[in-house]
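To keep things clear, I will list the structure first and then write my remarks on it.
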Amino acid sequence: MNRDLPVGVIDSGVGGLSVLKCLRQALPDEQFIYIGDTARTPYGSRSEAEVRAFVEEILCWLDAQQIKMAVIACNTITVLGTTTLQQGHDFPLVGMSKGETLVLRASENKKIGVMATPFTVSTQAHKKAILAQNPLAQVYAQACPDFVPLIEREILSGPDIQQAVAKYAKPLKDFGADTVILSCTHYPFIKNIISKELGTEVKVIDPAEETAAIVKQQLKDKGLLRTAAAADSIICSTADINRVRRLAEYMLPQGDYIYRQVNLTE
Ligand code: DGL
């Protein structure tokens, strides 16, 4: 594997840009190829078979781009299991951290909230990871199906997003969570609204930074850290590249990117 190849970054839409931000910070010399399947987002309200088929198309497209590693910057895809997704592809896959160590360290009362897509919540992956580390912890996972469609439509403030945040925050407040993890990579786009609604005493954790640190370690361990001069990263989407560019400029105010709308089957 050539260490000067780019690193692929995958999401169902624009959510993974919040992870790309941390990846760029942790790995400033790497080149990234981001691919968001905006034509078919959201994945989190779809069946497992459908999501698996879409992800396989993305991974085959990345095969053709020639990458040295793919970061699954999406919890909904990560919970399918990187080992099964990896089959048939030469590059290693790194998924989102479930953040169990982070939340258990941050939480005083060990009452932890998880905000995620309906699919991610249905797998109980985050709850299981937290309980495996501390069986006495209590975990309440809240599915937030309205968030991704609103964020994809660039609705990052105003009454619609406020109402949705209030609706999903209420059960977590009633439960008494003192720490809430954002287990969908879209949610950091509205982290300030979520934090405000949950209240200043509730810690809101985004596992993107930890994920970027894991990616860095894996590249190091595999001898794959880039040696060539940094090249511009590329942001691709399967639809609405201008909308993706606006959301990327919001999430990634620094840095030059090349934008491309792509057809996965070409
Ligand atoms: N950003 C994604 C995640 O982390 C998926 C959102 C979706 O497509 O529903 O789960």
Side-chain angles (χ1 to χ4, degrees), residues 8-23 34-59 70-82 85 93-100 102-103 113-127 129 141-156 161 164-165 168 180-191 194 204-212 214-215 235-240 243-244 247-248 250-252 264:
V9 183
I10 302 171
D11 184 44
S12 64
V14 298
L17 294 169
S18 66
V19 183
L20 181 60
K21 181 180 177 173
C22 296
L23 288 167
Y34 181 91
I35 171 74
D37 193 5
T38 44
R40 300 184 291 197
T41 194
Y43 280 10
S45 307
R46 294 179 184 272
S47 71
E48 174 168 348
E50 225 173 356
V51 177
R52 277 193 188 276
F54 294 167
V55 175
E56 182 54 20
E57 273 183 27
I58 297 176
L59 294 175
V71 180
I72 310 289
C74 173
N75 292 269
T76 305
I77 302 175
T78 298
V79 296
L80 295 175
T82 45
L85 296 172
L93 293 187
V94 181
M96 286 303 294
S97 157
K98 294 195 182 70
E100 62 274 32
L102 292 176
V103 288
V114 177
M115 291 179 124
T117 66
F119 185 83
T120 301
V121 169
S122 76
T123 67
Q124 299 199 336
H126 294 80
K127 185 174 180 169
Q142 176 63 46
C144 310
D146 294 349
F147 284 172
V148 171
L150 287 167
I151 293 164
E152 286 285 338
R153 282 166 48 214
E154 299 176 81
I155 300 172
L156 308 178
I161 197 78
V165 170
Y168 301 134
V180 171
I181 182 158
L182 303 183
S183 298
C184 169
T185 56
H186 280 73
Y187 302 174
F189 275 92
I190 52 165
K191 187 179 178 192
I194 294 172
V204 178
I205 309 278
D206 172 3
E209 220 176 278
E210 183 172 81
T211 302
I214 295 168
V215 171
I235 295 178
C236 306
S237 69
T238 53
D240 297 330
R243 178 170 60 76
V244 172
L247 284 160
Y250 175 88
M251 183 51 74
L252 306 154
L264 293 177

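Just follow the structure's listing: the first ligand is 1, and inside any ligand the first atom is 1.
- For the pair Thr76 and ligand 1, the shortest N or O to N or O distance falls below 3.5 Å.
- By the 6.0 Å contact criterion, CD on Glu209 is open, its count of non-hydrogen atoms from other residues, nucleotides or ligands being 12 or less.
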(message) Run the side chain to side chain donor-acceptor pair (under 3.5 Å) test on Thr76 and Thr117 for me, step by step, so that the C-alpha distance in whole Å, both residues' side-chain angles and the decisive distance to 0.1 Å come before the verdict.
(response) CA-CA 7 Å; Thr76 305; Thr117 66; 2.9 Å; yes
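- For Tyr187 and Phe147, the ring centers are positioned less than 6.0 Å apart.
- Looking at Tyr43 next to ligand 1, an N or O pair under 3.5 Å apart turns up.
- Closest non-hydrogen pair, Met96 versus Ala73, comes out as SD-CA, 3.9 Å.
- Below 3.5 Å of separation, one finds no N or O of Ser183 facing any N or O of ligand 1.
- Looking only at side-chain heavy atoms (C-beta outward), Ile35 and Thr238 come within less than 4.5 Å of each other.
- In this structure, Tyr168 and Asp146 have side chains that are in contact, with non-hydrogen atoms separated by less than 4.5 Å.
- Neither the backbone nor the side chain of Ile77 has any atom closer than 4.0 Å to an atom of ligand 1 (non-hydrogen atoms only).
- Within ligand 1, counting atoms from 1 as listed, the ones closer than 4.0 Å to a heavy atom of Thr41 are 8 (O).
- Less than 4.0 angstrom separates some heavy atom of Ser12 from each of these atoms of ligand 1: 5 (C), 6 (C), 7 (C), 8 (O).
- Interface of Pro42 with ligand 1, defined as ligand atoms under 4.0 Å from a residue heavy atom, comprises 7 (C), 8 (O), 9 (O).
- Of the protein's heavy atoms, Gly44 N, 2.7 Å lies nearest to atom 9 (O) of ligand 1.
- Of the possible polar contacts, none joining the Thr38 side chain to the Gly13 backbone as a donor-acceptor pair under 3.5 Å is found.
- The part of Val148 lying near ligand 1 is the side chain, judged by heavy-atom distances below 4.0 Å.
- Close contacts between ligand 1 and Asp11 involve ligand atoms 1 (N), 2 (C) [criterion: under 4.0 Å to a heavy atom].
- In this pair, Tyr250 and Phe189 present their aromatic rings parallel. The plane angle is below 30°, not in the 30 to 60° band.
- Looking from atom 2 (C) of ligand 1 to the surrounding protein, the closest heavy atom is Cys74 SG, 3.3 Å.
- Atoms of ligand 1 found under 4.0 Å from any heavy atom of Thr117, numbered from 1 in the order shown, are 6 (C), 9 (O), 10 (O).
- Looking at heavy atoms from C-beta onward, Asn75 lies in side-chain contact with His126 at the 4.5 angstrom threshold.
- Polar contact check, Ala73 against ligand 1: no nitrogen or oxygen pair lies under 3.5 Å apart.
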